[in-house]
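Beneath this line is the structure, given in structure tokens, with notes to follow.
Every heavy atom of this structure was used, including side-chain atoms; hydrogens, water molecules and symmetry mates were not.
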Amino acid sequence: MKKLVFLLLVGLTLATTAVAQYVQQTDLPTIYIETFDGYGITSKEVYKYCRMHYVNEDGQVTDYDSVSIRGRGNSTWNMAKKPYKIKFLNKEKFLGTGYAKAKKWTLLANAADKTMMRNAVTFALGEFTSLKFNPAAKFVDVVLNNSYIGTYQISDQIDVRAHRVNITEQNYPLGADDNITGGYLLEVDGFRDGNWFSTATYNAPVRIHYPEDEEIVERQTIFIKNQVNAFERALSDANFTDSLKGYRAYVDTLSLIDWYLCTEVSANIDGFYSTYFYKDQANPRFYWGPLWDYDIAYNNDYRVSREQGLSSSVHSLMVDIAYSGSREWVRRMWEDPWFQKRVYHRFKELVDAGLVSYMLQKVDSLQNLLSQSQQLNYQRWGISTRMYHETVLYSSYDQYVADLKDFITERCAYLEQAFYSKKPLEPTPPFVPGDYYYHIVNVKTSKAMDVNGTAVVQFADSRTRESEDWMIRPVGAHFQIVNRACELALNDPTTGSVGPAVNVGAHLNVVTPDEDDSRQLWNLLPQGTDGYYNLENVYSQHVANLEGGRSDDNTAILSYTSDSRNGSSTNRLWRIVANGPLPDAVLGIEHPEPDEYALAYDPQRQWLHFGSATPEALSFPVSVFTVGGRLVATFEASEGCSMASQPSGIYVVTWKTGRNVRSVKFRK
């Protein structure tokens, strides 16, 4: 008995010692990988078994046995710091609620990217747009066989399943009468790996990722090849610009444009060399995404630029200089006036919605997150050691991050001009207000009309600043413009005799709304071909003008001369940008909640979900928006959604059941 107790105590001591040795290396989680044979991972084809211990942010340890690991990547596998693929024995919710339950996950080394964040920033960029399936990005420290090997990024394997590419999974084995119209996950793959074919018109190498190589049968291969070739024929045809006969009949245009814009914003020279797209069941269109493999984007590879005599890729379109693959498709699309216009206008929508500040904030957040880990990583790998084709080498991590931020800012400024120069000119249309709050942004300074007390001023454009939101309401042939925060109306206080050039210079203010007061009524006069407007007051006949054209915050907005310079003086030209939907209370709409289900938010788990006594009623898609109108999440009502990655604030949840569109706000 004593011997048994002694053995139990020894076993307890050994177990405690084993757990105690698995600790965080920095403030990030740490993964410990121990191969069964004690040797490293030398193959990207053959898995070897290992044990894995995951230490989370709270120091809690989760053990995984019988895990398999191998190398992964193409060019990245040849680098000193190597990427890996891990495969669990059973499907695991490795990253928790709201993420995929899967066997296979990737450990990205980001070795060619000294910031180690380009992939994560691009995944966030995809979330800012309409792209549905954006891979996860969880940063960890990794210890392999008792040796620290660096900062890694846990990410999804690009495959078909819930929370990844969530399209219809085809039956396996396939029945004679099974529907083979989808889903399919495809990639224009310059490496020509796996099960691939060359397209008939543009000779693009298209790889079929799903159905997987060991599951796909000949009639599925024939079907999807025919679909891709039909798209190419329509793209090359003389009627390719026709929305019904041309290529647009075969593509989801919103995801196509947003994927292309992400490729250009990130300046990804591999964006066409490796292009993912997919087709769902009973849907004739191809959808673009997910975004993948952006470690050499954002001017982080000198090859293409130097081959073409460029010092940087910042002022070049990728469709002109990047590696080929799907590039010939996009070049043909650029010949379509619809594509030219849509690229420009969609990019303006994203910029006006805060794209640049969103990306810069994401970079800042990741820099803070990686602060400790990057130091340990570069003790191992060297901060100024060239791993691949880095454009520039610095002596500190912060310099690499600053370089990335500068590139994003300069790149987006360049793209706005480049896209504008490629689109056909169109006159600014008459303004027709929708059910939105609007920002009124000065063309010269790109700052928004704001309220300081009762004075009307300009201030840095912020999508979350309610004092910059204005309701624009028709009043007869004119408009009344009412501020969201103070609920007061834009007013011209000019006194004395009035006329286009008489008694100019009064500071605009806000007053209690009165539709019968012509000082509060405005004409929105279209100017030029850029979507610009003058704000002309009905009473004074003056236009709103930025005092002195100054760029300072709180510069006053004046009641000023209206003359022939209205269309050329940027001080008096304004862009009117939608900034999120008006709430139902403003629109006078009520949506009573039915008894059979209810929306709930769990703040401890940060989990948004529906409850119902009849779960079969939860069969509708749900969208989550910021109050500024940016889509941040979509999910099926039966599944729920994690809000852990979103900042604190107010969100609007919308869904449609039958003919009813419902909308609910909640605070995180």
Side-chain angles (χ1 to χ4, degrees), residues 44 71-83 106-126 135 137 150-153 155 158 187-191 193 259-276 289-308 310-327 359 362-363 366 370 374 377-378 381-394 397 399-408 410-411:
K44 66 172 189 171
R72 64 166 306 279
N74 291 299
S75 302
T76 52
W77 178 243
N78 297 318
M79 299 179 196
K81 182 186 177 188
K82 298 186 180 301
T106 62
L107 284 174
L108 303 182
N110 293 311
D113 172 15
K114 290 296 193 295
T115 70
M116 297 185 287
M117 65 174 71
R118 280 174 165 82
N119 276 310
V121 168
T122 307
F123 300 162
L125 171 61
T151 309
Y152 278 74
Q153 176 186 332
S155 192
I158 303 299
E187 179 192 8
V188 177
D189 180 10
F191 287 105
D193 285 340
W259 160 78
Y260 173 64
L261 288 176
C262 289
T263 302
E264 290 290 3
V265 168
S266 62
N268 185 15
I269 65 172
D270 273 350
F272 307 117
Y273 194 76
S274 172
T275 301
Y276 280 93
L291 304 173
W292 186 253
D293 199 10
Y294 281 71
D295 56 334
I296 63 172
Y298 304 92
N299 198 43
N300 191 39
D301 190 306
Y302 59 73
R303 289 173 296 173
V304 170
S305 295
R306 294 187 184 178
E307 286 167 9
Q308 302 192 37
L310 305 171
S311 60
S312 168
S313 60
V314 68
H315 291 152
S316 299
L317 291 179
M318 293 300 103
V319 75
D320 295 329
I321 70 169
Y323 296 121
S324 193
S326 64
R327 190 179 70 174
M359 292 184 70
K362 187 65 178 180
V363 171
L366 289 169
L370 297 173
Q374 61 85 12
N377 180 82
Y378 288 118
W381 298 109
I383 191 71
S384 57
T385 302
R386 190 177 299 281
M387 279 281 190
Y388 191 50
H389 298 296
E390 295 95 324
T391 302
V392 64
L393 295 175
Y394 293 115
Y397 183 72
Q399 287 175 294
Y400 288 108
V401 174
D403 187 76
L404 173 59
K405 292 176 67 175
D406 288 345
F407 181 84
I408 290 170
E410 189 175 353
R411 178 70 176 170

Item to check | Distance in Å, W259 CH2 paired with L291 CG, rounded so as to fall on 0.5 Å steps | outcome: 9.5 Å
Next on the checklist: Please determine whether side-chain contact (heavy atoms from CB on, under 4.5 Å) holds for the pair N268 and Y298, giving the CA-CA distance in whole Å, both sets of side-chain angles, and the decisive distance to 0.1 Å.
Outcome noted: CA-CA 6 Å; N268 185 15; Y298 304 92; over 6 Å; no
Checklist entry - Between CD of E307 and CD1 of I321, what distance do you get to the nearest 0.5 Å? => result 10.0 Å
Next on the checklist: Run K81 and N377 through side-chain contact (heavy atoms from CB on, under 4.5 Å) and show every step you take.
Outcome noted: CA-CA 10 Å; K81 182 186 177 188; N377 180 82; 2.9 Å; yes
Next on the checklist: Test your reading of the model: is there a side-chain donor-acceptor pair from K82 to the backbone of G71, 3.5 Å cut-off?
Outcome noted: no
Checklist entry - Any sub-3.5 Å donor-acceptor pair from Y397's side-chain atoms to T115's backbone N or O? => result yes
Checklist entry - Who are the side chain to side chain contact (heavy atoms under 4.5 Å, CB included) partners of A80, not counting sequence neighbours? => result W381, M387
Item to check | side chain to side chain contact (heavy atoms under 4.5 Å, CB included) against S324, all qualifying residues, sequence neighbours excluded | outcome: R327, E328
Checklist outcome for this item: Shortest non-hydrogen pair, T106 vs W292, comes out as OG1-CH2, 3.9 Å
Next on the checklist: In the structure I gave you, are the side-chain heavy atoms of V401 and M117 within less than 4.5 Å of one another anywhere?
Outcome noted: yes
Checklist entry - Is there side-chain contact between H389 and I296, with heavy atoms separated by less than 4.5 Å? => result no
Next on the checklist: Apply side-chain contact (heavy atoms from CB on, under 4.5 Å) to residues D295 and N300 and explain how you reach the verdict.
Outcome noted: CA-CA 8 Å; D295 56 334; N300 191 39; 5.6 Å; no
Checklist entry - Where is the tightest heavy-atom contact between S266 and Y294, given as atom of each residue plus distance? => result OG-CE2, 3.1 Å
Checklist entry - Do D113 and N119 have side-chain N/O donor and acceptor atoms under 3.5 Å apart? => result no
Next on the checklist: Please give me the minimum heavy-atom distance between F407 and V265, naming the atom from each residue.
Outcome noted: CE2-O, 4.2 Å
Item to check | Donor + acceptor pair across side chains of N299, S313 (<3.5 Å) | outcome: yes
Item to check | Step-by-step side-chain contact (heavy atoms from CB on, under 4.5 Å) determination, M116 to L108 | outcome: CA-CA 9 Å; M116 297 185 287; L108 303 182; over 6 Å; no
Checklist entry - Quick one: does T391's side chain get under 4.5 Å of D403's, heavy atoms only? => result no
Checklist entry - Looking only at heavy atoms, what is the nearest atom pair of I383 and Y378, with distance? => result CD1-CD1, 3.3 Å
Checklist entry - So which heavy atom on T151 is nearest to which on Q374, and how close? => result OG1-N, 4.1 Å
Next on the checklist: Can a donor-acceptor pair be found, under 3.5 Å and without considering hydrogens, that links the side chain of E264 to the backbone of V319?
Outcome noted: yes
Next on the checklist: Nearest 0.5 Å, please: how far is CD in Q153 from CG in L370?
Outcome noted: 9.0 Å
Next on the checklist: Please give me the minimum heavy-atom distance between L125 and M359, naming the atom from each residue.
Outcome noted: CD1-SD, 4.0 Å
Item to check | Inter-residue atom distance R386.CZ - K114.NZ, 0.5 Å rounding | outcome: 7.5 Å
Would you give me the side-chain donor-acceptor pairs under 3.5 Å for residues 269-276, sequence neighbours excluded?
from : atom 1 : to   : atom 2 : distance (Å)
Y273 : OH     : G190 : O      : 3.2
S274 : OG     : E187 : OE2    : 2.6
T275 : OG1    : G271 : O      : 2.7
T275 : OG1    : F272 : O      : 3.4
T275 : OG1    : S326 : OG     : 2.9

